[in-house]
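To start, the structure under review is shown below, and the notes come after it.
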2 protein chains.
Amino acid sequence: MTSEALGQCLGTNPVVVRRTMGLLREAGLVRAARGHAGGWQIAADLETVSLRRLHAALGEPAIFAIGNRHETPDCLVEQSVNAALEGAFAEAEALLLARFADVTLADLARDFARRHAQRRAAQE
Amino acid sequence: MTSEALGQCLGTNPVVVRRTMGLLREAGLVRAARGHAGGWQIAADLETVSLRRLHAALGEPAIFAIGNRHETPDCLVEQSVNAALEGAFAEAEALLLARFADVTLADLARDFARRHAQRRAAQE
DNA sequence: TTTCATGTAACTATAGATGTTACGATTCGC
DNA sequence: GCGAATCGTAACATCTATAGTTACATGAAA
């Protein structure tokens, strides 16, 4: 599939697609072929690639929208708040990443197939 | 304490302080006095006000930086991804909010007092 | 009545994400 | 080989949300 086609599916620009897919390529999850009839191909086993691995491949983007302003503030009040929250954030992050690790691309593919069949049936 | 003074502590503008403190005022957690010798006062029992309550008072700002792009997408792939992630996010959010509920302002005050005493001792 | 506060609307600035343009490098079909 | 198609990437532009600022009305106390 070309970046152009993916961009249309995602409602975005081919270059934006290449930027993100490039990270997946570096992680060995997809292959890109240049030139005529080129484009993107999955290069990994759907059963073994989890969402956790995708998150890692994409550079472990920040999970939380809220959090410490500074890691090691001088302000003692800020230190107390940080200390109180750090454990909670760490626990929640660990839980989320564990759930990500549970879901493989194959799981998504199966769920998609189910939905696809359902939609077809509903259209008849 | 005036918005001016709080702004200096927080490294920000008095108006920004008023904006946020205004939400806490609406929730009954602080009082504001206008005019000469006015400013902000805590209006709640430190032992019973939790970080969870603060989060609620501030309008339950989004916890996660990543998440669904659309709630109910037409795209079946997006639907599958959403379905796979929703549970995980819900669990992590519940855990985090539960931890928030465990921490009271009094807890923070005690931790602050401990740090304050320590710093004083270290300076002698 | 003057001074010092908050309350709030309107505007501006900033940073990060996203989108766009441009062009070089590569591959395939002819 | 030549030309069309495609990725790779740098540079630039645009958008958006947050934060910051200015301005002024309102209220309280000396």
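Chain letters run A, B, ... following the sequence lines, proteins first and then strands; every chain starts at 1.
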Do [X] and [Y] have side chains that get closer than 4.5 Å, going by heavy atoms?
X: B:Val16; Y: B:Arg19; result: yes
X: B:Val15; Y: B:Arg18; result: yes
X: A:Asp107; Y: A:Leu46; result: no
X: B:Met1; Y: B:Met21; result: no

Using a 6.0 Å cut-off, check whether atom CG of B:Asp45 has over 12 heavy atoms from anything other than its own residue.
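Counting neighbours around CG of B:Asp45, more than 12 heavy atoms of other residues, nucleotides or ligands fall under 6.0 Å, so yes.
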Atom-to-atom span, [atom1] of [X] to [atom2] of [N] - whole angstrom:
X: B:His36; N: C:dT6; atom1: NE2; atom2: P; value: 13 Å
X: B:Ile66; N: C:dG16; atom1: CD1; atom2: C1'; value: 17 Å
X: A:Leu10; N: C:dT20; atom1: CG; atom2: P; value: 14 Å
X: A:Gln8; N: C:dT20; atom1: CD; atom2: P; value: 12 Å
X: A:Arg34; N: C:dA25; atom1: CZ; atom2: C1'; value: 5 Å
X: B:Trp40; N: C:dA5; atom1: CH2; atom2: C1'; value: 11 Å
X: B:Arg25; N: C:dT6; atom1: CZ; atom2: P; value: 11 Å
X: B:Arg69; N: C:dA17; atom1: CZ; atom2: C1'; value: 11 Å

#### Entry: Sugar-phosphate only, base, or nothing, as touched by B:Gly35 at under 4.0 Å among non-hydrogen atoms
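Result for B:Gly35 = base.
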- Task: Could you tell me whether A:Gly22 contacts a base, only the sugar-phosphate backbone, or nothing, with contacts defined as non-hydrogen atoms closer than 4.0 Å?
- Result: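 No contact.
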**Report entry** Per A:Arg19 side chain, nearest of listed nucleotides C:dG19, C:dT21, C:dT26
**Finding:**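 Looking only at heavy atoms from C-beta outward on A:Arg19, the closest nucleotide is C:dG19.
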**OP:** Would you mind telling me which residue lines up with the more 5' stretch of DNA chain C, B:Glu4 or B:Val15, judged by nearest nucleotide?
**Re:**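 This one resolves to B:Glu4.
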Check your understanding: So, is B:Arg18 near the phosphate of C:dT6, with a side-chain N or O under 4.0 Å from OP1 or OP2?
Key ->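 Checking B:Arg18 against C:dT6: at least one side-chain N or O falls below 4.0 Å of OP1 or OP2.
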- Message: Any side-chain to backbone donor/acceptor pair from B:Glu91 onto A:Leu96? Under 3.5 Å, distance only.
- Response: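 The answer is no, because no donor-acceptor pair under 3.5 Å joins these two groups.
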Walking along DNA chain D from 5' to 3', note the first and the last nucleotide with an atom under 4.0 Å from a heavy atom of chain A, and give both.
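Going 5' to 3' along DNA chain D, contacts run D:dA5 to D:dA11.
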* Check the angle between the aromatic planes of B:Phe64 and A:Phe64 and answer parallel, tilted or perpendicular using the 30° and 60° thresholds. =>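 Parallel, since the angle between the ring planes stays under 30°.
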